[in-house]
S.K.: 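My structure is below; once you've seen it, I'll send some questions.
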Amino acid sequence: MAAVRVEAVLAAAEEQEAEKRRSITVEKELELEYDLGNLLAVDRNPPPAAALRGAGPRREALLRALARDNTQLLVSRLWELPAERAGGAGGPLVAQLPEPTFRLPREKPAPKPRPPTRWEQFARLKGIRRKKKTSLVWDEQAKEWRRRWGYKRAGGDPSRAWLAEVPAGADPEEDQFARLRREKRERVARNELNRLRNLARAHRAGSAVPAAPLHPTGHQDRDELRRVARVARVSTASLGRFQPRLPKEPAEPPSRSGGKKRRFQPLLGNLAAERSRQLELLRDMGSKKPVLDITRAVNKQLRQEEAEAAAANKGKKQSKRGKRGRRQQRPGRSGKKSGARRQPQQQKPAGGASGGGRRKKA
């Protein structure tokens, strides 16, 4: 009994080992085409047509087995690539993928990296790193954490201190506390003036035509000059279409209101929306039925009806004007003076007796 049991155990172990080897060994008539840079494997082997007919569990099992075998071949190829440990000896094993050979289609081009600004280039050259300051600092006098700037900041107001240092070269008889208070009032007034200027600049930027685009002192910033140039350009009858452009001015003519920035779809992110748009475009291209724009058709019909009504009204007005002209050309209706001159001739009796005849008898 013991020998039989040992043989059965050995046979079961051999079957398990063979099953494992079978799970990682896949045989194909035609070798797959690989693009390891894109993690892509193309299977050119035709599937059995008899098993794929109809819908049922047999077809689903065949498709799953085919996908599993192709995935196993792709993973086996990935394990043949050179690999290294990321982050030291205890890190994960990372494979070095080769350059992709298959060009994947996409709707829009990949975004280009933003070029560094002049300040970023200078900071990289000088080794300057951006260091963010904390908003709270330790105040040695109050022995507590206070804000770095603003109300109740660390160090307190120098004008309210009990001791003021006399600067070098200053008048020793000058009241330093009064000087500090005067400087503070000047700073507050300067900040308020800057705030009002910012509000006025923002208000002018929001309006279509600025009320006062230039300062009398001649200190204009770049936005103000660009705004004034745009207003002067669109002040012509053609809205600046035939005006000569400046060296760095865009080719398209600016609108009177400044225009709105065009919004494009994002390059990355929502793949489902991109797939639905592409499928809808392909469906419209493949369908023989033309796409009907209801809004455009209704507008065209309304314009056609308005044109027909305008043409009919114009014809009626011309016919009435012609009848009135013929009536005016009839004799005896041209005016009151002509009627007064013709009145004695119309009242002439039929017998021929008149004043002229009586003068002849006399």
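Source: prediction; values computed, not measured.
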S.K.: Checking R303 now: which residues fulfil salt bridge (Lys or Arg N to Asp or Glu O under 4.0 Å) with it, not counting sequence neighbours?
M.R.: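 Per chain and number, R303 pairs via salt bridge (Lys or Arg N to Asp or Glu O under 4.0 Å) with no residue.
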S.K.: Which value, rounded to the nearest 0.5 Å, describes the distance between L199 atom CG and N194 atom CG?
M.R.: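 Spacing of CG (L199) from CG (N194) equals 11.0 Å.
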S.K.: Can you see which heavy atom on I128 is nearest to which on F122, and at what distance?
M.R.: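 The pair with the smallest heavy-atom distance is CD1-CE2, 4.0 Å.
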S.K.: Around atom CZ of R197, are there more than 12 heavy atoms of other residues, nucleotides or ligands at under 6.0 Å?
M.R.: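 Atom CZ in R197 is not packed in, count stays at 12 or less.
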S.K.: Between atom CD of E99 and atom CG of D35, what is the distance when rounded to the nearest 0.5 Å?
M.R.: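 Rounded to the nearest 0.5 Å, the CD-CG separation comes to 10.5 Å.
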S.K.: If we ignore hydrogens and angles and just use 3.5 Å, is the side chain of R148 paired with the main-chain N or O of V137 as donor and acceptor?
M.R.: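 Not at all, since once roles are kept as given, no pair shorter than 3.5 Å links the two residues.
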S.K.: Would S76 and Q72 count as having a side-chain donor-acceptor pair, cut-off 3.5 Å?
M.R.: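 Indeed, the side chains of S76 and Q72 share at least one donor-acceptor pair under 3.5 Å.
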S.K.: Could you verify whether a donor N or O on one side chain and an acceptor N or O on the other, from E274 and Q278, lie under 3.5 Å apart?
M.R.: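 There is no such pair between these side chains.
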S.K.: So, D139 side chain and R146 main chain: donor-acceptor pair closer than 3.5 Å or not?
M.R.: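 A pair under 3.5 Å: no.
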S.K.: Taking the hydrophobic residues Ile, Leu, Val, Met, Phe, Trp and Tyr, and joining any pair whose side-chain heavy atoms are under 4.5 Å apart, which ones share a cluster with W79?
M.R.: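 ILVMFWY cluster around W79 also holds V75, L93.
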S.K.: Sort and list the pairs that fulfil side-chain hydrogen bond (donor to acceptor under 3.5 Å, both in side chains) and have at least one residue in residues 171-180, not counting sequence neighbours.
M.R.: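 Every side-chain hydrogen bond (donor to acceptor under 3.5 Å, both in side chains) pair that includes a residue of residues 171-180, provided the two are not neighbours, is Q176-R179, R179-E183.
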S.K.: Please step through side chain to side chain contact (heavy atoms under 4.5 Å, CB included) for the pair N45 and L66, ending with a clear verdict.
M.R.: CA-CA 10 Å; N45 296 286; L66 184 61; over 6 Å; no
S.K.: Would you sort out whether V26 and N70 count as a side chain to side chain contact (heavy atoms under 4.5 Å, CB included), showing the intermediate values?
M.R.: CA-CA 8 Å; V26 180; N70 293 335; over 6 Å; no
S.K.: Could you pull out all residues at least two apart from E60 that satisfy salt bridge (Lys or Arg N to Asp or Glu O under 4.0 Å)?
M.R.: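 Salt bridge (Lys or Arg N to Asp or Glu O under 4.0 Å) check on E60 returns nothing, list empty.
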S.K.: Which value, rounded to the nearest 0.5 Å, describes the distance between L180 atom CG and R185 atom CZ?
M.R.: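 Answer rounded to 0.5 Å: 11.0 Å.
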S.K.: Residues two or more places apart in sequence or in another chain: which of them pass salt bridge (Lys or Arg N to Asp or Glu O under 4.0 Å) with K112?
M.R.: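 Expected list: none.
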S.K.: May I ask you to check whether over 12 heavy atoms, not counting those of E305, lie within 6.0 Å of atom CD?
M.R.: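 Correct, the count exceeds 12.
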S.K.: Looking at E165, I'd like to know if its CD atom is crowded, meaning that more than 12 non-hydrogen atoms belonging to other residues, nucleotides or ligands lie closer than 6.0 Å.
M.R.: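 No, the 6.0 Å shell around CD holds no more than 12 heavy atoms from other groups.
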S.K.: Would you say CZ of R147 has more than 12 non-hydrogen atoms from neighbouring residues, nucleotides or ligands within 6.0 angstrom?
M.R.: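 Counting neighbours around CZ of R147, 12 or fewer heavy atoms of other residues, nucleotides or ligands fall under 6.0 Å, so no.
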S.K.: Are R201 and N198 linked by a side-chain donor-acceptor pair shorter than 3.5 Å?
M.R.: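 The answer is yes; a qualifying pair exists.
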S.K.: Would you compute the distance between atom CZ of R187 and atom NZ of K184 and round it to the nearest 0.5 angstrom?
M.R.: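 One finds 7.5 Å between CZ of R187 and NZ of K184.
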S.K.: List in chain and number order the residues that pass salt bridge (Lys or Arg N to Asp or Glu O under 4.0 Å) with K28, two or more places apart in sequence or in another chain; answer none if no residue qualifies.
M.R.: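 K28 satisfies salt bridge (Lys or Arg N to Asp or Glu O under 4.0 Å) with D43 once adjacent residues are dropped.
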S.K.: Passes side chain to side chain contact (heavy atoms under 4.5 Å, CB included), L32 versus L74? Steps please.
M.R.: CA-CA 9 Å; L32 273 65; L74 179 61; over 6 Å; no
S.K.: Hey, what do you get for OH (Y34) to OG1 (T101), rounding to the nearest 0.5 Å?
M.R.: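 Going from OH on Y34 over to OG1 on T101, the span is 13.5 Å.
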S.K.: Between P98 and L81, which heavy-atom pair has the shortest distance, and what is it?
M.R.: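 Result for this residue pair: CD-CD1, 4.1 Å.
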S.K.: With rounding to the nearest 0.5 angstrom, report the CG to CZ distance, L62 to R64.
M.R.: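 Output value for this atom pair is 12.0 Å.
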S.K.: Closest heavy-atom contact between S276 and A273?
M.R.: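 So the minimum-distance heavy-atom pair works out to OG-O, 2.7 Å.
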S.K.: I'd like to know whether E280 forms a salt bridge (Lys or Arg N to Asp or Glu O under 4.0 Å) with R277, so could you lay out the CA-CA distance, the side-chain angles of the two residues, the decisive distance to 0.1 Å, and finally the verdict.
M.R.: CA-CA 5 Å; E280 184 178 359; R277 288 196 302 270; over 6 Å; no
